[in-house]
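Within every chain, numbering begins at 1; the chains are lettered A, B, ... in the order of the sequence lines, protein sequences first and strands thereafter.
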Amino acid sequence: MAGGFWTRFLVPPGLWLLALFALPIGLTLALSFGYVDEFGRAAYDSPVAPGALDNYADAFDPIYLPSLVRSVTYALATTAICLAIGYPIAYYIARFGGRRKYLLIGLLVLPFFVNYLVRTYAWVALLADEGLVNNFLIDVGLTDQGIQMINTPWAVIGGLVYGYLIFMILPVFASLERMDPAVIEAGKDLYGNKLQTFLHVTLPQTKQGIMAGSVLVFLPSVGDFVSATLLGGPDTFMVGNLISDQFFAANNWPFGAALTVIMMVFLTVWMIGYLRAAARETKPAL
Amino acid sequence: MSGGAATAGVTKPKPRARKRRGAPKSFDRPRYLRVFAAFVYFFLFAPILIVVLFSFNAQKSLTVLDGLSLRWYETFLNDPVLRESLFASLQIAAVTMVVGTVLGTMLAIGLVRSRARWSSGLNILMLIPLVTPEIVAGISALLIFWQIGLQLSIFTVMLAHITFSISYVAIVVRGRLATMGSEAEEAAMDLGATRWGAVRLVLLPGLWPAIVAAGLLVFALSFDDFVLSFFTTGDDVQPLPVRVWSAIRFGVSPTINAIGTLMMVITLTTIALAVMLPRLFGRRESAIKVLTGQEGG
């Protein structure tokens, strides 16, 4: 009965996760078919009832669709920029960090333990129309009126990059660490050219890290609403803004639930794609 | 800072990585890469330094630093609402740490040792919260509390925080458990210990560094969390990040710099403890490896 003894350990946390994670997700799904009754309260409805899919149809209405599309494009841009920034820095530390390697990585991790709101707020103070950067630019004489930086898509994407960059750096760094530096030498012997060595040797060997990092950046970016709220405006709102509005402003919970489900399904498809791709590689990194 | 302490830990050198330990020849080290790295560090740290610096500004300005003072900290700590929020956040983090660590450790032990058929299903259920966007978790939690008629308060925030912390703790503790065989426990039982005795006297002491590190990590995550708290808090007492959110939307103010700096100090102290404390438990080991579960792989 050795197995039975250890199984007892699983019961309390298992029940907790079922009751407070799995069941609530099910509730979100159930409510997404619901409607708002005449008293303004959210009400459930059968998924096969007429009009049960109205919330889903609404989500693709021209009023809301741009937010959905924007979430995906912003998240993709964030992922690409994080890769463009994160890969070189991880490469630099893994290859040339020497004895200070972990110190350098530790320093990179440090800012990410500063509250995300506070970090985004710092960018607001920097990029605002009368913020530090514009003040500086005017003082130096580069511009008279300052440049509009806040309330632009780039400010929102920048905020997301600043928020989630570390999730790209760490897996890429780990995959570079796993790599035997001798193969780079071998690559140089074979290809000679540094760029070719990188493209044919280093890059394929770190594919897993890149894929894991991309998923880890993409997932939270899609659902983020902090960056778009603080650094953007109504023109840059993402699905996260739309969802939180349904719960706090518009008071249309079933529609908010439907938007949440759409996002979950989209991300699950993405996740499955990643897991299958990772399984094709040697060892899954997640 | 934190990483440096960790590298000193005596782990067995991996034979392959040590072969070329000398600095690479200079032609092999592209200068532009170093400049690029310097830029990245600058961009990561500059905004944070500005928050800290301006939190000590004597003036209300957010663009001109004019003299140093603690007035914004006074404004913060003299504000009864903000003070209440600070204590609420600390309370939530403490409860989350204790309950989340207990449940997460149980989960880790069960997942590694139990041969129940449904444990692999539970393994997946444990991993999903880690890849679920916080907004999804927040809304789902809000819906269950609404469904069962639980009044939103800091208690519901705790429930939501504990849920996600279970997975973090389980991952960290499991990483360590995977490196420990069950031989020591079996030996203890051969010597007359009961099963529970073996767990208490052999298993838990072995897991302790990972449990402490995971608990502190969860404290920091809970203390800093905004999204889950935002969806699950009531109106009367709100966690500090939720207050910060309302304040930022209202406009930038130097008090936010002070709150941000103080939160930073609390979080970073917790993380520093998470990195250093496990090293005090006898064996000197790399805390980074304990935290990232790299030990067992």
Enquirer: Given side chain to side chain donor-acceptor pair (under 3.5 Å), test B:Gln147 with A:Tyr44 step by step and report yes or no.
Expert: CA-CA 11 Å; B:Gln147 184 65 39; A:Tyr44 292 99; 2.5 Å; yes
Enquirer: Tell me, out of B:Ala108, B:Gly110, B:Ala46, who's got the most heavy-atom pairs with chain A below 4.5 Å.
Expert: B:Gly110
Enquirer: Given the options A:Ile93, A:Thr229, A:Leu23, A:Thr120, which has more heavy-atom pairs under 4.5 Å with chain B than any of the others?
Expert: A:Thr229
Enquirer: Taking every heavy-atom pair that is under 4.5 Å apart, which of A:Val124, A:Ile243, A:Leu267 has the most such pairs with chain B?
Expert: A:Ile243
Enquirer: Under a 4.5 Å heavy-atom cut-off, does chain B meet the side chain of A:Leu108, its backbone, both or neither?
Expert: both
Enquirer: Name the region of B:Ile128, side chain, backbone, both or neither, that has any atom closer than 4.5 Å to a heavy atom of chain A.
Expert: both
Enquirer: Write down the atom of B:Ser119, the atom of A:Leu10, and the distance for their closest heavy-atom approach.
Expert: CB-CD1, 3.7 Å
Enquirer: Heavy-atom cut-off 4.5 Å, strictly under: side chain, backbone, both or neither for B:Leu33 against chain A?
Expert: both
Enquirer: Would you please indicate yes or no on a ring centroid separation below 6.0 angstrom for A:Phe248 and B:Phe230?
Expert: yes
Enquirer: Hey, does A:Leu27 have a side-chain heavy atom less than 4.5 Å from the side chain of B:Ser140?
Expert: no
Enquirer: In Å, rounded to the nearest 0.5 Å, how long is the span from CZ of A:Phe113 to CE of B:Met264?
Expert: 13.5 Å
Enquirer: Quick one, B:Pro47 and A:Arg119 - any side-chain contact, counting heavy atoms below 4.5 Å?
Expert: no
Enquirer: Would you check if the distance from the ring center of A:Phe5 to the ring center of B:Trp196 is below 6.0 Å?
Expert: yes
Enquirer: Judged by atom type as modelled, is there a donor-acceptor pair below 3.5 Å linking the side chain of A:Tyr121 to the main-chain atoms of B:Ile256?
Expert: no
Enquirer: Answer yes or no: is there a donor N or O on one side and an acceptor on the other, between the side chain of B:Tyr41 and the main chain of A:Leu104, under 3.5 Å?
Expert: yes
Enquirer: Considering only heavy atoms from C-beta outward, does the side chain of B:Arg115 approach that of A:Thr7 to under 4.5 Å?
Expert: no
Enquirer: So B:Phe231 and A:Phe247, would you call those rings parallel, tilted or perpendicular, with 30° and 60° as cut-offs?
Expert: perpendicular
Enquirer: Chain A heavy atoms under 4.5 Å from B:Leu143: which part of the residue, side chain, backbone, both or neither?
Expert: both
Enquirer: Do the non-hydrogen side-chain atoms of A:Ile89 and B:Phe39 ever get within less than 4.5 Å of each other?
Expert: no
